[in-house]
Structures are given as structure tokens and as C-alpha cells.
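Accompanying notes for the structure given below.
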Amino acid sequence: MAEDAPNAGAEGVHPAPTEASADAATPPASAEKASPETLLPSLSIWPPSQRTRDAVVRRVVQTLSAPSVLSQRYGAIPEPEAEAAAAEVEAEAFAAASESAAASPASLEEGIEVLQAYSKEVSRRLLELAKSRATATAAAGTPAEPSAEESEGSSATAPPPTEE
């Protein structure tokens, strides 16, 4: 019975794998060294999907028409006008970024660079639009809504700073 005791604890334990079964369980070395692009060939950063582009347009509309840093500084744009302007800004930025890409980017890193250029182009065109609209509004004589900073600055509750 003493001989049965050591084997009693080993019940349910699987036998040690042989060399052949160990080799079958180990992935080939070439799969370990595969690049992420090889493993995920469907991952594409550029061009963005239509859903992504639509989200960019919605965000630009929100920035132009709802309270934001940009709309507070340069004045809010009515939503119908903001929608048309946002669609134009996005389309122009997409075209400019697409020209810089020339063709489909060869690598994930190149796609990221093109996407960054697209994002910067959207931001640049959005700022230009807001500035030009504020300038046109001021030239037409329509008072633009003052920003919060300008409203606070125009109140005379504190004495002017003195130079020492």
C-alpha cells in the first residue's frame, strides 16, 4: 500500500509531452517575427471611412455653431450655414491630404502621417473660416457677439494697472 500512495496523487495528471507533441504546440519562429502589418493586412489608416469623415463634419459644425473657444472668440455661425461650411472645409482638407498621399500609403506609419496632415488641414481651414467670417461680419457693420474675455475686460470694476 505504501507503493500506491505516491501514485495516488498522480491520478488525473497528464503524462509529460513527448518531443514531437512539444514541437507541434510551439508556433513557427517565422510567425513570431512577422510585422504587425503582415498580421493585420486589413488595418488601414488612410483614407478614413465615410463614417469617420461624417464625424469630422459633425464636430466642425458643433465647433462653429455651439459655444466653443472658436465661436466665443469669432462669433457663432448659424447651424445651416455651419453645416455647409463644415462640409466644404472637410472636403478641401481631404483633397489636400489625398494629394500629399498621391496613392495609398505603403505602410501604417505613412498612413498615420497623412491622417495627421488631414487633421491639421481641417484645423487650419476651420480657423481661417472663423476669422474670415468675423472679418466680414465686422466689415458689414453687424456687431459680433463679444467674447467672454472682451466682456470682462470692458467692465470697469478694477482700477487700471499702474506702472512702478
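Each residue takes its place number in the sequence, starting with 1.
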Distance in Å, [X] [atom1] paired with [Y] [atom2], rounded so as to fall on 0.5 Å steps:
| X | Y | atom1 | atom2 | value |
| --- | --- | --- | --- | --- |
| Ser49 | Arg51 | OG | CZ | 7.0 Å |
| Ile77 | Glu83 | CD1 | CD | 12.0 Å |
| Glu90 | Thr52 | CD | OG1 | 10.0 Å |

Donor-acceptor pairs under 3.5 angstrom involving side-chain atoms of residues 54-62: please list them, not counting sequence neighbours.
residue : atom : partner : partner atom : Å
Asp54   : OD1  : Gln50   : NE2          : 2.9
Arg59   : NH1  : Gln62   : OE1          : 2.9

On a heavy-atom basis, which atom in [X] and which in [Y] lie closest, and how many Å separate them?
| X | Y | value |
| --- | --- | --- |
| Ser65 | Ala76 | O-CB, 3.8 Å |
| Leu129 | Ala85 | CD2-CB, 3.5 Å |
| Ala97 | Ser100 | O-OG, 2.7 Å |
| Val89 | Leu126 | CG1-N, 4.2 Å |
| Ser71 | Thr63 | CB-O, 3.8 Å |

**Asked** Listed by chain and number, what are the salt bridge (charged side-chain N to carboxylate O under 4.0 Å, His left out) partners of Arg125, not counting sequence neighbours?
**Response** Glu92, Glu121
**Message:** My understanding is that only residues two or more places apart in sequence, or in another chain, count here; which of them pass salt bridge (charged side-chain N to carboxylate O under 4.0 Å, His left out) with Glu79?
**Reply:** none
Under the side chain to side chain donor-acceptor pair (under 3.5 Å) test, which residues partner [X], sequence neighbours left out?
| X | answer |
| --- | --- |
| Ser119 | none |
| Glu81 | Arg133 |
| Glu128 | Arg124 |

**Item:** Chi angles and distances behind the side-chain contact (heavy atoms from CB on, under 4.5 Å) call for Ser98, Trp46
**Value:** CA-CA 9 Å; Ser98 293; Trp46 187 262; 3.5 Å; yes
**Item:** Min side-chain heavy-atom separation Phe94-Pro48 under 4.5 Å
**Value:** yes
**Message:** Just so I know, are the side chains of Tyr74 and Leu127 near enough to count as touching, which here means a heavy-atom distance under 4.5 Å?
**Reply:** yes
